[in-house]
S.K.: 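Sharing a structure here in structure tokens format.
Throughout, a chain's letter reflects where its sequence line sits, starting with A, and its residues are numbered from 1.
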Amino acid sequence: MIEITDIKKSYGKKEILKGINLRVPPGEICAITGGNGSGKTTLLQIMSGIIKPDEGSVKYFGHDIKKEKDTVSRFCGYLPQENPLIEELTVQDNISLWSGKRGRPEQKIIDFFNLEDILKMKVGKLSGGMKRRVAIACTVTDWPSVLLLDEPTNALDIYYKREVRKVMKDYLSPGGILVIVTHDEEEVKMSNSVYEMKDGKLFCRKRIDEKHL
Amino acid sequence: MFSRLMQLLRIEYKRTAISFFHILLSLLLMMVAIGAVTIGSAYLYYRSQKNKPIQIGIAVEDESEEMELALKLVTSMGVVRNLCTFIETDEEGIYEGVISGKLSGGIILSNSFHMDMKNGLNTPARIVLPEEETPGTGILAGALSAGVSMVDTVGGGIHAMKDAAAAYDVTLSGNGLEDIIMGIYQDSVLKRGEFFDTRVLSPLGEFSIYDYYTSSAIVIVIMLSGIYFGFLFTAQNRAVEDKLTIYGINAFYTGLIRVVVMTGFVFLTALVLRLAAYIGFSAFKINIDRLRPSDILCLVPVSISVAALFYFIFTVGEETYRSRILLLLIIVIMLLSGGFFIPIEYLPEWGRKISYILPAALYRSFLLEAQKGALRASTSAGIVFYTLLFFAAGIGVRWKRH
């Protein structure tokens with residue numbers, strides 16, 4: 001369960017988040033939509049512990065990220081908008097950075113993301129979709145329960161979008177949680193709950209119990 | 001966290017090495033060009049000894065013909081001409097000139113100077129120096145001590161001759177003795193030029209041309225090599241940095257790793273240049289010193305400090321053309337005001353002030369002093385100060401952006 005309570009964040013005099021409350025139960029995909037600059041990424045960065053809120057709390061399965069510093073790294077995998085990959089290096093090197101282990105990655109990761117053929121290739125030589133796939137692989141090296149994905153299929157063509165969505169669906173294990181910041185209709189459709197960020201507040205647009213997976 | 005930190009260090013080294021080898025050719029070309037200019041400049045400078053002579057005022061109250069001839073002899077000597085320009089003035093003019101900084105020093109000779117010398121009296125000659133020591137003062141002091149040594153040598157010779165004459169019971173004619181003394185004096189004066197040939201006495205102080213130009217070239221090359229490190233600060237790297245904070249690897253650690261990685265490659269560049277300069281200068285027989293371990297070790301603190309500077313500039317400007325231009329601009333200002341092309345002593349007062357604020361001149365001073373084993377505490381403190389300042393400022397900017 002993710003519990004976000006009364007999160008507030010300002011940059012100077014500009015209030016970005018004005019008291020955000022959100023609860024995402026296990027097994028759900030939660031989509032957050034909204035216009036550019038509405039604060040979606042800021043919320044996700046707060047949830048991932050990259051930036052600190054001015055007020056409020058974020059809890060993963062009852063663990064407060066403020067009080068227990070390793071909570072985020074224990075429960076969360078975070079995919080930023082920009083691929084957190086080092087283009088000059090191979091896929092294997094990039095995965096080793098995020099897993100903290102040198103050498104060949106876990107076979108399960110290789111198989112799941114179909115990385116066998118590109119393991120020794122430089123990231124800079126991969127296509128956009130493949131890079132995104134590798135970026136998600138880097139995000140899940142520890143098989144976290146919660147995935148926070150910031151526009152995971154942005155700027156990809158239809159083929160790669162489908163591929164990345166399939167990876168996301170396959171990954172969602174029983175009890176796992178996916179939070180996606182997105183503008184994509186398909187991703188909105190496949191989500192259990194959809195929230196819209198507007199004027200620093202979060203409005204619920206859809207909430208269904210039945211999974212569309 | 002530790003395992004990821006180690007992986008990050010390994011990965012940053014690996015990709016910097018890849019990029020380094022990609023730019024190796026252009027780096028080598030740059031080094032060869034700067035090395036050639038450096039060796040060429042040093043060679044010309046060394047051979048021609050075209051130092052800007054210091055201005056020395058001379059007030060002579062003794063207007064005798066002998067005195068005039070003696071002064072003409074001294075001032076026409078090439079070795080003196082290269083070092084000093086004598087400006088004839090009066091006592092008041094000397095004091096005014098020294099106070100205003102127009103003169104590096106002054107010599108006031110009394111009206112009985114020549115007669116006193118002739119009669120064997122220890123006649124006073126007043127030397128006027130500025131309150132604060134300047135490179136010009138050092139040159140004057142060196143020239144005076146050389147002159148005194150010269151007179152002592154001549155005096156010693158005369159005494160030896162007189163003693164020998166007394167021992168063999170030989171009578172020396174009074175008139176002839178004067179001629180002999182003058183002859184010995186002139187010979188000694190002219191031979192004294194050899195003393196100045198072994199080491200150039202100049203505004204560089206005690207440092208040789210080899211030391212000065214090698215240190216300057218190393219600082220120029222390692223500062224210009226910073227332009228190549230921009231790839232470490234791309235938007236994607238910021239995404240990596242952001243994500244690393246989840247694992248407790250914050251701006252301090254990522255900054256530290258960047259500085260460590262850049263230091264390694266900056267040091268490598270400096271080391272290659274140091275060895276190349278040593279071989280080059282030795283081939284031209286300009287260098288008379290051996291390569292010592294201190295010559296290599298002193299590159300480490302400078303490399304760290306320069307890497308911290310790059311970290312700061314790229315963190316402020318990020319990987320954009322703006323930051324590269326910013327870096328280039330800062331480097332050019334530092335090099336121009338730091339005495340890399342024109343010695344600091346020849347810069348106007350405001351130029352010197354700028355050079356004291358910017359660290360490039362400090363880097364060169366550190367290399368020069370460390371090589372001579374005469375490292376001043378203020379120079380070391382300056383290096384530490386700038387290193388910490390740039391590193392802290394870089395981290396501060398990164399944190400602020402967060």
Side-chain angles (χ1 to χ4, degrees), chain A residues 9 11-12 41-42 44-52 58 60 65 68-103 105 122-124 131 134-135 138-139 141-142 144 146 148-151, chain B residues 1-24 228-258 260-262 265 314 318-320 395 397-402:
Chain A
K9 181 73 185 174
Y11 287 119
T41 297
T42 305
L44 219 59
Q45 285 182 330
I46 288 173
M47 288 172 74
S48 65
I50 291 175
I51 53 175
K52 287 176 183 162
V58 179
Y60 290 102
I65 64 169
E68 296 170 60
K69 285 190 176 175
D70 67 338
T71 300
V72 177
S73 59
R74 198 145 51 100
F75 294 109
C76 268
Y78 169 63
L79 177 73
Q81 266 182 48
E82 195 86 42
N83 287 326
L85 301 173
I86 297 168
E87 303 237 334
E88 304 92 325
L89 299 183
T90 62
V91 171
Q92 182 170 308
D93 279 330
N94 274 277
I95 294 175
S96 72
L97 171 64
W98 299 112
S99 66
K101 291 166 200 155
R102 197 177 172 178
K122 283 188 181 166
V123 169
K131 279 182 193 171
V134 173
C138 290
T139 307
T141 50
D142 294 336
V146 178
L148 307 173
L149 310 176
D150 197 348
E151 301 190 22
Chain B
M1 175 187 142
F2 185 72
S3 61
R4 283 190 177 87
L5 201 64
M6 288 298 103
Q7 286 305 317
L8 180 65
L9 183 63
R10 183 182 71 82
I11 276 169
E12 293 288 51
Y13 255 117
K14 190 173 174 180
R15 72 179 177 135
T16 308
I18 293 168
S19 300
F20 191 76
F21 286 117
H22 280 161
I23 55 102
L24 196 60
Y228 295 117
F229 292 110
F231 72 92
L232 288 169
F233 298 84
T234 60
Q236 274 187 329
N237 288 298
R238 282 202 309 283
V240 172
E241 267 187 70
D242 283 346
K243 201 175 158 172
L244 283 167
T245 57
I246 297 171
Y247 303 99
I249 301 169
N250 55 25
F252 174 81
Y253 290 113
T254 49
L256 190 65
I257 283 178
R258 294 261 159 84
V260 167
V261 169
M262 284 192 285
F265 288 91
F314 280 117
E318 299 179 333
E319 176 23 42
T320 57
I395 289 170
V397 170
R398 190 74 191 91
W399 241 312
K400 181 88 179 155
R401 287 221 176 111
H402 229 49

S.K.: With a 4.5 angstrom heavy-atom cut-off, which part of A/D150 approaches chain B: side chain, backbone, both or neither?
M.R.: neither
S.K.: Quick one: what part of A/T139 sits under 4.5 Å from any heavy atom of chain B, side chain, backbone, both or neither?
M.R.: both
S.K.: What pair of heavy atoms forms the shortest contact from A/N83 to B/A239, and how long is it?
M.R.: O-CB, 4.3 Å
S.K.: Write down the atom of A/W98, the atom of B/V240, and the distance for their closest heavy-atom approach.
M.R.: CH2-O, 3.5 Å
S.K.: Please identify, among A/P80, A/C138, A/S96, A/C76, the residue contributing the most non-hydrogen atom pairs under 4.5 Å to chain B.
M.R.: A/S96
S.K.: Return the minimal non-hydrogen interatomic distance between A/L97 and B/Q7, and the atom names on each side.
M.R.: CA-CB, 4.1 Å
S.K.: State the NZ-CG distance between B/K14 and A/L89, to the nearest 0.5 angstrom.
M.R.: 6.0 Å
S.K.: Between B/R15 and A/I86, what is the shortest heavy-atom contact and its length?
M.R.: CD-CG2, 3.2 Å
S.K.: Check whether more than 12 heavy atoms from other residues, nucleotides or ligands sit under 6.0 Å from atom OH of B/Y253, and answer yes or no.
M.R.: no
S.K.: Any side-chain heavy atom of A/S48 sitting closer than 4.5 Å to one from B/D242?
M.R.: no
S.K.: Does any heavy atom of chain A fall under 4.5 Å from the side chain of B/L5, the backbone, both, or neither of them?
M.R.: neither
S.K.: Non-hydrogen atoms of chain A under 4.5 Å away: do they reach the side chain of B/I11, the backbone, both or neither?
M.R.: both
